[in-house]
Number of protein chains: 2
Amino acid sequence: MLIGEYEHSLDAKGRLIMPAKLREDLGEKFIITKGLDGCLFGFSQTEWTNFEEKLKTLPLTNKNARDFVRFFLSGATECEIDKQGRFLIASNLREYAGMEKEIAIIGVGTRIEIWNKEKWKKYNSDENISADEIAENMTMLGI
Amino acid sequence: MLIGEYEHSLDAKGRLIMPAKLREDLGEKFIITKGLDGCLFGFSQTEWTNFEEKLKTLPLTNKNARDFVRFFLSGATECEIDKQGRFLIASNLREYAGMEKEIAIIGVGTRIEIWNKEKWKKYNSDENISADEIAENMTMLGI
DNA sequence: ATGTTCATATTCACCGATAAGCACTTTGTT
DNA sequence: AACAAAGTGCTTATCGGTGAATATGAACAT
């Protein structure tokens with residue numbers, strides 16, 4: 001299970017350290033693609049095929065569905081973690097997610113998300129999430 | 001059943017002693033996450049995996065669901081109690097809960113809560129918590 | 001009261017993960 | 001061929017996490 005929040009920085013060539021705690025769950029090779037809310041998604045190989053399967057079930061007759069599928073598949077890249085624990089983020093994805101130097105990587109269960117750190121902070125400070133809402137959701141989920 | 005109130009202090013590296021009485025119920029490994037009212041929650045593994053399963057079922061396409069999942073999973077860390085009964089609190093969680101040195105740990109049935117001691121005192125002394133009021137609200141819940 | 005044991009606190013030393021800089025290779029362009 | 005740009009790999013320094021050792025203090029038994 002991918003969890004936690006980590007802050008790291010891109011090196012001059014656009015490489016990023018994969019936090020040690022995420023490495024084991026994600027595997028040597030994994031997939032990153034454009035994500036929602038302005039971040040990038042990263043999937044382990046098994047989770048990716050899982051995700052692909054879901055996309056395949058969408059009706060091709062629906063324009064919305066076609067767009068959705070294109071969005072995720074066109075942006076996908078396979079990444080490999082090098083001996084020093086780093087991986088390269090393709091330049092088009094870097095651009096898409098507005099990445100400069102400071103990066104936040106978060107684990108979200110079945111995937112990781114890679115954020116421009118500023119964006120992530122802002123996202124968190126926004127009242128996206130009120131305590132009441134959280135409490136309500138928690139009781140709904142029975143915790 | 002996790003009960004009681006304990007006061008301890010963080011060491012220089014951000015580690016905290018888990019009160020002996022909570023250890024047996026919580027287990028060697030447990031999960032801490034961002035909690036409500038500015039504290040941290042700690043769950044036993046069984047409580048947590050239960051919760052995780054439910055989070056996994058939430059739809060990726062729903063923004064609210066994404067927000068909720070991000071809040072909990074990005075804020076979660078697995079902790080392990082060392083031979084001396086201590087565990088490390090990740091720095092982002094320490095920051096979130098405003099932890100300095102003096103800490104209060106309390107048992108709340110299915111989970112523990114970890115508080116900055118000052119905050120905890122204040123929270124208790126505030127008029128938001130009078131026993132009478134609480135009692136009154138309880139009757140509404142049918143106790 | 002005294003000694004024994006267990007829980008907690010504090011300090012130090014070590015090791016691994018990460019940051020940063022640089023050099024080399026490959027590829028594509030002029 | 002020469003150069004620029006992008007990608008890959010190595011080396012070093014630093015910092016945070018981890019474990020060990022010791023000190024303090026409370027609870028309990030004799």
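All chains are named by letter (A, B, ...) in the order of the sequence lines, taking the proteins before the strands, and each is independently numbered beginning at 1.
Across the protein-nucleic acid pair, A:Asn92 atom CG and D:dA6 atom P stand 13 Å apart, rounded to whole Å. Going from atom CD of A:Glu95 over to atom P of D:dA6 covers 12 Å, rounded to whole Å. In this structure, B:Leu22 places its CG atom 13 Å from P of C:dA7, rounding to the nearest Å. Between B:Leu10 atom CG and D:dG17 atom P there is a gap of 12 Å when expressed in whole angstrom units. Separating the CD1 atom of B:Ile17 from the C1' atom of C:dT11 is a distance of 14 Å, rounded to the nearest angstrom. Between the NZ atom of A:Lys21 and the C1' atom of C:dT18 there is a distance of 13 Å, given to the nearest Å. Atom OH of A:Tyr6 is separated from atom P of D:dG16 by 17 Å (rounded to the nearest Å). As a whole-Å value, the separation of B:Phe87 CZ from C:dT8 C1' is 14 Å.
At a threshold of 4.0 angstrom between heavy atoms, the contacts of B:Lys101 are confined to the sugar-phosphate backbone, with no base atom among them.
Remark: side-chain polar atoms of B:Asn116 are not paired, donor with acceptor, to backbone N or O of B:Met99 under 3.5 angstrom. Judged by distance alone, the side chain of A:Arg111 and the main-chain N or O of A:Gly42 form no donor-acceptor pair under 3.5 Å.
In this structure, the helix from C:dA1-D:dT30 to C:dT30-D:dA1 shows an angle of 10° between the axis at its start and the axis at its end, each fitted on 5 base pairs and rounded to 10°.
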Short N/O separations, protein against nucleotides 7-9 of chain D, under 3.5 angstrom:
from: D:dG7; atom 1: N7; to: A:Lys13; atom 2: NZ; distance (Å): 2.8
from: D:dG7; atom 1: O6; to: A:Lys13; atom 2: NZ; distance (Å): 2.3
from: D:dG9; atom 1: N7; to: A:Arg15; atom 2: NH1; distance (Å): 2.8
from: D:dG9; atom 1: N7; to: A:Arg86; atom 2: NH2; distance (Å): 3.2
from: D:dG9; atom 1: O6; to: A:Arg15; atom 2: NH2; distance (Å): 2.7

Residues 72-79 of chain A, side-chain donor-acceptor partners within the protein, below 3.5 Å, at least two apart:
from: A:Ser74; atom 1: OG; to: A:Arg70; atom 2: O; distance (Å): 2.8
from: A:Glu78; atom 1: OE2; to: A:Gln45; atom 2: NE2; distance (Å): 3.2

Tell me which donor-acceptor pairs under 3.5 Å the side chains of residues 11-21 of chain B have, and how far apart each pair is, sequence neighbours excluded?
from: B:Asp11; atom 1: OD1; to: B:Lys13; atom 2: N; distance (Å): 2.9
from: B:Asp11; atom 1: OD1; to: B:Gly14; atom 2: N; distance (Å): 3.1
from: B:Asp11; atom 1: OD1; to: B:Arg15; atom 2: N; distance (Å): 3.0
from: B:Asp11; atom 1: OD2; to: B:Arg15; atom 2: NE; distance (Å): 2.9
from: B:Asp11; atom 1: OD2; to: B:Arg15; atom 2: NH2; distance (Å): 3.1

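Residue pairs meeting the ring-ring contact (aromatic ring centres under 6.0 Å, His included) criterion with at least one member in residues 79-109 of chain B, sequence neighbours excluded: B:Phe30-B:Phe87.
Partners of A:Trp48 according to the ring-ring contact (aromatic ring centres under 6.0 Å, His included) rule, which considers only residues two or more places apart in sequence or in another chain, are A:Phe43, A:Phe51.
A:Trp120 and A:Glu5 are linked by a side-chain donor-acceptor pair at a separation below 3.5 angstrom, with hydrogens and angles left out of the test.
Checking C:dT10, C:dT18, C:dT8 against the side-chain heavy atoms of B:Ser9 singles out C:dT10 as nearest.
The CG atom of B:Leu2 sits 13.5 Å away from the CZ atom of B:Arg23 when rounded to the nearest 0.5 Å. The distance from the CG atom of A:Asn50 to the OG atom of A:Ser44 is 8.5 Å, given to the nearest 0.5 Å.
At the phosphate of C:dT8, OP1 or OP2 sits under 4.0 Å from a side-chain N or O atom of B:Arg23.
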